[in-house]
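Keep in mind the model is a prediction, meaning the values are calculated, not measured.
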Amino acid sequence: MLGVLLLLVEFGRELAEPAPASTPLPLDPLLLPGLALRTTLRMLAAMALSLLFTLVYATWAAKSRRAERLLLPLLDILQSVPILGFLSVATTAFLALAPGRALGAELAAILAIFTSQAWNMAFSFYQSLRTVPVELEEVARAFRMNGWMRFWRLEVPFAMPALVWNMMMSMSGGWFFVVAAEAISVGETTVVLPGIGAWIARAIEERDAAGVAWALATMGIVILLYDRLLFRPLTAWAERFRFEQEGGTKHERSLVLEILRRSRLVAIATAPLGRAWRAGYRVSARLARLAGAGEDRARPLVWLDRAGVLVLLLLGALAARAALEVALAGIDPGELVRVVAAGALTLARVLLLLLLASLLWVPIGVWLGVRPELARIAQPIAQMLAAFPANLLFPIVVSAIVAWRLDPDVWLSPLMILGTQWYILFNVIAGAAAIPRELRDVATNLRVRGWLWWRKVALPAIVPYYLTGAITASGGAWNASIVAELASWGEVRLEAHGLGAYIALATEAGDFHRVVLGIAVMSAFVVGLNRLLWRPLYYRAERAFRLG
């Protein structure tokens, strides 16, 4: 703990230092432990922001039909905006906020990593809040829980197992974009932050295969460490909140969690927090009694909800008008048609890759989900694969396409789904693990097997979870197109026709108008796909397959 505090103090001290120079990092393997620590701290800071965003945003969308009509399309847009789009704005804004200091560049990098983590967690938490079993809601009403107590004692615990799995996926997904976050280049502005991402960017630029291998090995060690020290204890802790508790089942065990539970120092340090938490329940209960009962109690929240939605609508209208003015300035109709056509090509790639990924990972995810022992073994392996940045495959892919004269429009496409296919796997595992034990016992007693078991037991149980994974995987694939459709290895550059390559080239050129135009078209495609395909399927699954 003392070492962690010293590292945080050192990190805070460096924020006040002058902004990092744009000079490339030296590819010295001895620097990798320090660079890995810096990258991990940025990712953990982004994870904390993502968790706070999830608890507020997803809860508002799940609790208010009025807000849901606005917040879900907004979330679709946010997850479709490429990381380069956020960086184009964030880099300039944060560097101006803290001129000449490293703080601005660090905030821009953390925001960029946040945008690769938050949306998946928000969708997962929203889905869990909308599918709380009816019998649990009846118990909450029988105990007369107010809204605050119901949220922390019922809804958050019910959502915790799936949320922890999606936190693991989001943490791994952050590695996919860490190269763009730490080697920021927008027009004439170039900022290189010390970290694994900047190392990878330099190794690719120098065509240093050994440097790429060193970075990959370091990433693997870091992922294993935070899996054992953070996510394995969280997974074991979240087991207590699983809706279906099976007798005789071996639960997840974590040495770190056992040490924390048995530590007297930890108990003494957390006792004041526990007392404050319980006092919050008492205060909320008293406020509820003072507010009255029935509709009178909910009236302040209703007015707050209406005011919040109105503010978002006004801000959205002003922002949409400004975005259209910027996007269409100096853009002729012919280019607009070309950008839409490029978006259609990327859409076709996204749908085909999602179909192929679903056919592969849904059966595997169900098989792992109903076997907790195997799921625990597969968890760190899946995290490792999910964290694998597409950039590290550029040497192999670019060299193979050039050597065999392959079509980049076809063979660069798999890079889009490389990091996002794991959203489907992780959510299907979580859904299969949540299948009630009595349902599986009934299927076994009635000898329901083969396709009948899939059609009557497995698929209905995992549909809401699968759709959550598919929605986030779809948005992630659009985002990954920025990296996948424009691949380089040294001086060799391959470009696939699509919207991702258009945005990447516009960002490199610092052409803000075309960056905004590309982001607007991508957002329109993603929102349209979600509104016409994913959302109708999700609402139907929610009504048809809700427990209870």
Side-chain angles (χ1 to χ4, degrees), residues 2-47 83 87 91 94-95 98 100-113 116 171-185 189-230 383-384 387-396 483 488-490:
L2 180 61
V4 170
L5 291 175
L6 290 174
L7 290 172
L8 291 175
V9 170
E10 177 68 15
F11 186 67
R13 184 186 63 81
E14 291 180 358
L15 293 180
E17 293 182 352
S22 59
T23 55
L25 286 174
L27 297 180
D28 183 0
L30 296 177
L31 298 176
L32 279 172
L35 298 179
L37 180 62
R38 291 169 180 264
T39 299
T40 305
L41 286 175
R42 294 183 189 111
M43 296 181 71
L44 290 175
M47 176 61 66
I83 190 172
L87 280 174
T91 302
F94 283 124
L95 289 180
R101 298 297 174 187
L103 176 62
E106 291 288 353
L107 291 177
I110 291 172
L111 176 65
I113 298 172
S116 66
M171 188 73 172
S172 296
W175 287 98
F176 191 85
F177 296 105
V178 77
V179 176
E182 292 181 347
I184 305 171
S185 179
T189 303
T190 301
V191 178
V192 178
L193 293 172
I196 294 291
W199 173 288
I200 294 173
R202 177 63 191 275
I204 292 174
E205 183 182 350
E206 296 292 328
R207 302 185 68 172
D208 189 341
V212 172
W214 277 110
L216 183 59
T218 304
M219 283 176 55
I221 295 172
V222 171
I223 291 169
L224 288 176
L225 283 175
Y226 71 61
D227 173 68
R228 290 291 173 178
L229 299 178
L230 177 63
Q383 283 189 72
M384 186 83 67
F388 194 92
N391 314 67
L392 297 183
L393 286 179
F394 283 179
I396 300 174
V483 177
S488 62
W489 176 238

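- When all heavy atoms are compared, the tightest approach of Gly211 to Ala203 is C-CB, 4.1 Å.
- Using a 4.0 Å cut-off between a side-chain N of Lys or Arg and a carboxylate O of Asp or Glu, Arg38 and Glu182 do not qualify as a salt bridge.
- Ala46 meets the side-chain contact (heavy atoms from CB on, under 4.5 Å) test with Ile110, Ile113, Phe114, Gln117; sequence neighbours excluded.
- Between the side chain of Thr218 and the backbone N or O of Leu32 there is no donor-acceptor pair closer than 3.5 Å.
- Taking every heavy atom of both residues into account, Leu30 and Pro33 meet most closely at O-CD, 3.5 Å.
- Contact between Pro29 and Trp199 at its shortest, heavy atoms only, is N-CH2, 3.7 Å.
- Applying the side-chain contact (heavy atoms from CB on, under 4.5 Å) rule to Leu31 yields the partners Pro26, Asp28, Leu35; only residues at least two apart in sequence or on another chain are considered.
- Nearest heavy atoms, Gly195 versus Thr39: CA-OG1, 3.3 Å.
- Taking the side-chain contact (heavy atoms from CB on, under 4.5 Å) definition, one finds that Leu44 meets it with Thr40, Met171, Leu230, sequence neighbours left out.
- Atom CD1 of Ile223 and atom CZ of Arg228 lie 14.0 Å apart (nearest 0.5 Å).
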